[in-house]
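Here is the structure we will look at.
In what follows, residues are counted from 1 in the order of the sequence shown. Whatever order the structure lists them in is the order used to number ligands and atoms, beginning at 1.
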Amino acid sequence: MKEEYSFWCRGSPNVEAFREQDMSEIQMVKDALATAKRVAALTGAGISAESGVPTFRGGGGTAVWKGMRFDQISSSEMVKADLPAVWEWFDYRRGVLRECEPNPAHFAIAKWQEQFESLALVTQNIDGLHRAAGSRDVIEVHGNIHRSRCISCGALYQMDRDTVPHNPDVCGCGSKVRPDVVLFGEMLPEGAYEKGAEAAASCDVFFTIGTSALVYPAAMLPEIAKRSGALLVEVNPEETPLTAICDASLRGKAGEILPSL
Ligand code: BV8
Ligand code: ZN
């Protein structure tokens, strides 16, 4: 049996603690889901934490790479200034991802696709773990680390997760390729934000899962959902700037909370 499942089935201390703490809130969310037709979710790095993928913030730290904060190395300036350094950072992360599998949180959301009339999944993550867990039509607002793009003609190259380092390094047209990921200072993929905003504005329940809600415009989506009358549910061991406007804040790990919903 997979490690994380035995952990969950054993009734780990976290799960016990979590049960007393949130039963009223979790019951409210369960009741809402019993009648919900349209559900939407925004996920961030925290949903992949139990798969072994390091998060960017939280736990008091900020990811750094060779002395640079990750928002400096993951920036449009660095692609122009030092593309090899950007690839070194992304190939390192792709190497880490080779060992990472979807966790019960990813599988729970993939199951929701069958349970509700409509399920819109917007992810800030570039790790591809939602798709690997079986989710379809994932709106990847920050791109995907297993795809690269020519800096001149825009040709896309899909890599499998074992292609580390990235390949090809040069496009057929002769120009360099870069990660097909939205870096700081760059626009989101055409239509991605709009699709997410439309889902947020028309859902009955909106989940913000495993995100510190600091990066825009993705962090706007839960606010749009709230303003449009959705029940706003946060799943995160820590408080975030969204906590104050949430109808329910389920304090715990996504891999334990989502399957229990
Ligand atoms: C744009 C890809 C516009 C790269 C990423 C000042 C004010 C407001 C905005 C700005 C500003 N200055 C600049 C901006 C814009 C900027 C921005 O928002 N900056 C922020 C930091 C202030 N945004 C942009 O640049 C965006 N583009 O705005 O373009 C524009 C307009 C015109 C013309 C040109 C451009 C592009 C943003 C996208 C950047 N790319 N990623 C890469 O991955 O390297 S963002 C990066 O942060 C990741 O994608 C990540 O997903 C995202 C958000 O982080 P989180 O997912 O939330 O992860 P984090 O570690 O922060 O938090 C984890 C959470 O999980 C924690 O809360 C933790 O408690 C919780 N957790 C931990 N374990 C668990 C858990 N939860 C549940 N279960 C667990 N087990
Ligand atoms: Zn090209």
Contact partition for [X] relative to ligand 1, non-hydrogen atoms under 4.0 Å:
| X | result |
| --- | --- |
| A45 | both |
| S212 | both |
| E50 | side chain |
| R93 | side chain |

Check your understanding: Relative to the ring of W65, is the ring of W89 parallel (under 30°), tilted (30 to 60°) or perpendicular (over 60°)?
Key ->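 The arrangement is tilted - the two ring planes meet at 30° to 60°.
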When only distance counts, is [X] in polar contact with ligand 1, meaning an N/O pair under 3.5 Å?
| X | result |
| --- | --- |
| T240 | no |
| F184 | no |
| I126 | no |

Practice item. Assess the pair W87 and Y92: is the distance between their ring centroids shorter than 6.0 Å? Key: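 Ring centres of Y92 and W87 not closer than 6.0 Å.
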Point to revise | Test item: R161 side-chain N/O and C100 main-chain N/O as donor-acceptor pair under 3.5 Å | key: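 A pair under 3.5 Å: yes.
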Point to revise | Short side-chain to backbone donor-acceptor contact, R94 and I145, under 3.5 Å | key: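 Between the backbone of I145 and the side chain of R94 there is a qualifying donor-acceptor contact (under 3.5 Å).
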Do [X] and [Y] have side chains that get closer than 4.5 Å, going by heavy atoms?
| X | Y | result |
| --- | --- | --- |
| R38 | V205 | no |
| I109 | F207 | no |
| F184 | F70 | yes |
| Y157 | N167 | no |

Option whose closest heavy atom lies nearest to [atom], chosen from [options]:
| atom | options | answer |
| --- | --- | --- |
| atom 46 (C) of ligand 1 | Y216, Y193, F70, W89 | F70 |
| atom 64 (C) of ligand 1 | G210, G255, P179, S48 | G210 |
| atom 35 (C) of ligand 1 | S76, G185, P237, G252 | G185 |
| atom 34 (C) of ligand 1 | E238, M187, E256 | M187 |
| atom 67 (O) of ligand 1 | T55, N236, T123 | N236 |

For [X] and [Y], test the side chains for any donor-to-acceptor distance below 3.5 angstrom and give the result as yes or no.
| X | Y | answer |
| --- | --- | --- |
| S249 | E25 | no |
| T123 | T43 | yes |
| D160 | T163 | yes |
| S48 | D127 | yes |

Exercise for review: For the atoms SG of C171 and SG of C173, give the angle they form at the Zn ion (ligand 2), rounded to 10 degrees.
Suggested key: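 Roughly 110°, rounded to 10°.
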Can you list the ligand 1 atoms lying under 4.0 Å from a non-hydrogen atom of [X]?
| X | result |
| --- | --- |
| A49 | 73 (N) |
| F90 | 44 (O) |
| V182 | 2 (C), 4 (C), 5 (C), 36 (C), 38 (C), 39 (C), 40 (N), 41 (N) |
| K253 | 78 (N), 80 (N) |
| V181 | 2 (C), 4 (C) |
| G44 | 56 (O) |
| A254 | 77 (C), 78 (N), 79 (C) |
| H142 | 5 (C), 38 (C), 41 (N), 45 (S), 49 (O) |

Check your understanding: Does D71 have a heavy atom less than 4.0 Å from any atom of ligand 1?
Key ->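 Flag not set, D71 not near ligand 1.
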**Study point:** Member of Q124, R147, H130 meeting the side-chain contact (heavy atoms from CB on, under 4.5 Å) criterion with E140
**Key:**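 Passing option: R147.
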